[in-house]
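Order of appearance sets the numbers: ligands from 1, and atoms from 1 within every ligand. Numbering starts at 1 and runs along the sequence shown.
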Amino acid sequence: MKDVAARFAIGSGVVTVEPFTGPAGHINASYVVRSPRGRFFLQRLNTEVFRDHPRLMENVARVTKHLAGPLHLVPAHDGASYVADDQGGVWRMYAYIENGVPVLGAPSGRDVGRAAGAFGAFQRALADLPGPRLHETIPHFHDTPRRLEALERAVESDTAARAARVRAEIDQIRACRHVAPLLVDAAARGAVPERVVHNDAKLANVLFDRASGEALCVVDLDTVMPGLALYDFGDLVRSMATRAAEDERDLGRVRLEPELFESVACGYIAATRDLLTQAERDLLVPAAQVIVYEQAVRFLIDHLEGDRYYRVARPGHNLDRCRTQLALLDALRAGERALQQIVTHM
Ligand code: GN1
Ligand code: MG
């Protein structure tokens, strides 16, 4: 790994490479590199998930350059935005954001308002990204009906022999199948515009300024690509309108907190006031249901397929994650009118 790090423009003499201990995500592997020039954030891309890394890195380079914020790539000595090692590994490096910290544990209303504002500002800042259209790093990423079809195939083939024990979850997902097409249908009718969006707009992907607590920047740009603003809003609610962790085992703790929802909606709407159309605003509350539903489907697929996509730390981890999403979906459906009221009066 030191050899890999030394191929980036970080001055001479890599001192240490250590695993990153912060919220590292479920997909890539992250490390902290220390050189005489300071600290750097090194990542090995999961090339099973991201099958076209040259295009992905082209997106990341264009987006970070346009944003001109604290998140910036450190190029390789040859000027490339990534390094390929001789074992097929693909690596990239960012400057380490020393004053940036994530929110660990349950977020406050102020945190989530700021984080939602950061994603709103991100969408607004990328509205004038010069062409061409960004690459789709994972095609059909938020095509929820297609995800549902993939689940039915996973149930059918049942490769890890787990389907019999998750009948309740399968049934619950099937019973809510009307939720799946709400966003893709709106897009197909031309009711809502395509925009450059983050596509993984969760709380863990925001860094806050250590001193002021203000949101500093949005990170994890692997899925920045054309999509709907509503995909991001859905993920904001999914990750911030509850105090429960994504993998909470005690479902009694997976509650929807209306005041957190209000802070999320308020932060996002304030940041996108001159961007969002009325049709988008009208779909904010349904969007949260769609994205939570989709995430439940995705976690259950991975459980059924033997945990091949998301990193897991314990047996049944993806099933636990699926269950939190289903509990949140229930709460979102039960609270739909109240949430709609909150958004309408903003
Ligand atoms: C994955 O990279 P990470 O862990 O932040 C996933 C998202 C999911 C998220 C759930 C490329 O994101 O789509 O919403 O986990 N990313 C990819 O926490 O699949
Ligand atoms: Mg990610």
*State plainly whether the residues Arg238 and Glu246 are in salt-bridge range, i.e. N to O under 4.0 Å.*
yes
*Counting from 1, what ligand 1 atoms have a heavy atom of Gly25 closer than 4.0 Å?*
4 (O)
*Below 3.5 angstrom, do we get any N/O pair linking Tyr310 and ligand 1?*
no
_Using a plain distance cutoff, I'd like to know if His26 has any nitrogen or oxygen under 3.5 Å from a nitrogen or oxygen of ligand 1._
yes
*asked:* Need the ligand 1 atom indices (1-based, order shown) with element for anything under 4.0 Å from a heavy-atom of Lys202.
replied: 3 (P), 4 (O), 5 (O), 9 (C), 10 (C), 12 (O), 15 (O), 18 (O)
*Ion pair Glu259/Arg243, N-O distance below 4.0 Å*: yes
_Show the atoms of ligand 1 that are less than 4.0 angstrom away from any heavy atom in Asp200._
2 (O), 3 (P), 5 (O), 7 (C), 8 (C), 9 (C), 12 (O), 14 (O)
*Strictly by modelled atom types, are Asp222 and Asn28 linked by a side-chain donor-acceptor pair under 3.5 Å?*
yes
*Is the closest heavy-atom distance from Arg238 to ligand 1 below 4.0 Å?*
yes
*How would you list all residue pairs meeting salt bridge (charged side-chain N to carboxylate O under 4.0 Å, His left out) that involve residues 267-287, not counting sequence neighbours?*
Arg195-Glu280
*Listed partners of Ala150 passing side-chain contact (heavy atoms from CB on, under 4.5 Å), at least two apart*: Arg153, Ile301
*State the atoms of ligand 1, each with its element, that fall below the 4.0 Å cut-off from a heavy-atom position in Phe50.*
11 (C)
_Within 45° cone and under 6.0 Å: Arg124 NZ/CZ vs Phe119 ring_ = no
*For ligand 1, find out whether one of its N or O atoms is nearer than 3.5 Å to an N or O atom of Thr223.*
no
*asked:* Closer than 4.0 Å to some heavy atom of Asp220 - which atoms of ligand 1 meet that?
replied: 2 (O), 3 (P), 5 (O)
*Going by the atom numbers of ligand 1, which of them fall below 4.0 Å from some non-hydrogen atom of Tyr309?*
11 (C), 17 (C), 19 (O)
*Would you say Arg298 contacts ligand 1, with heavy atoms under 4.0 Å as the rule?*
yes
*Applying side-chain contact (heavy atoms from CB on, under 4.5 Å) between Tyr268 and each of Val237, Leu236, Val343, report the one that passes.*
Leu236
*asked:* Salt bridge or not between Glu169 and Arg167? Use side-chain N to carboxylate O under 4.0 Å.
replied: no
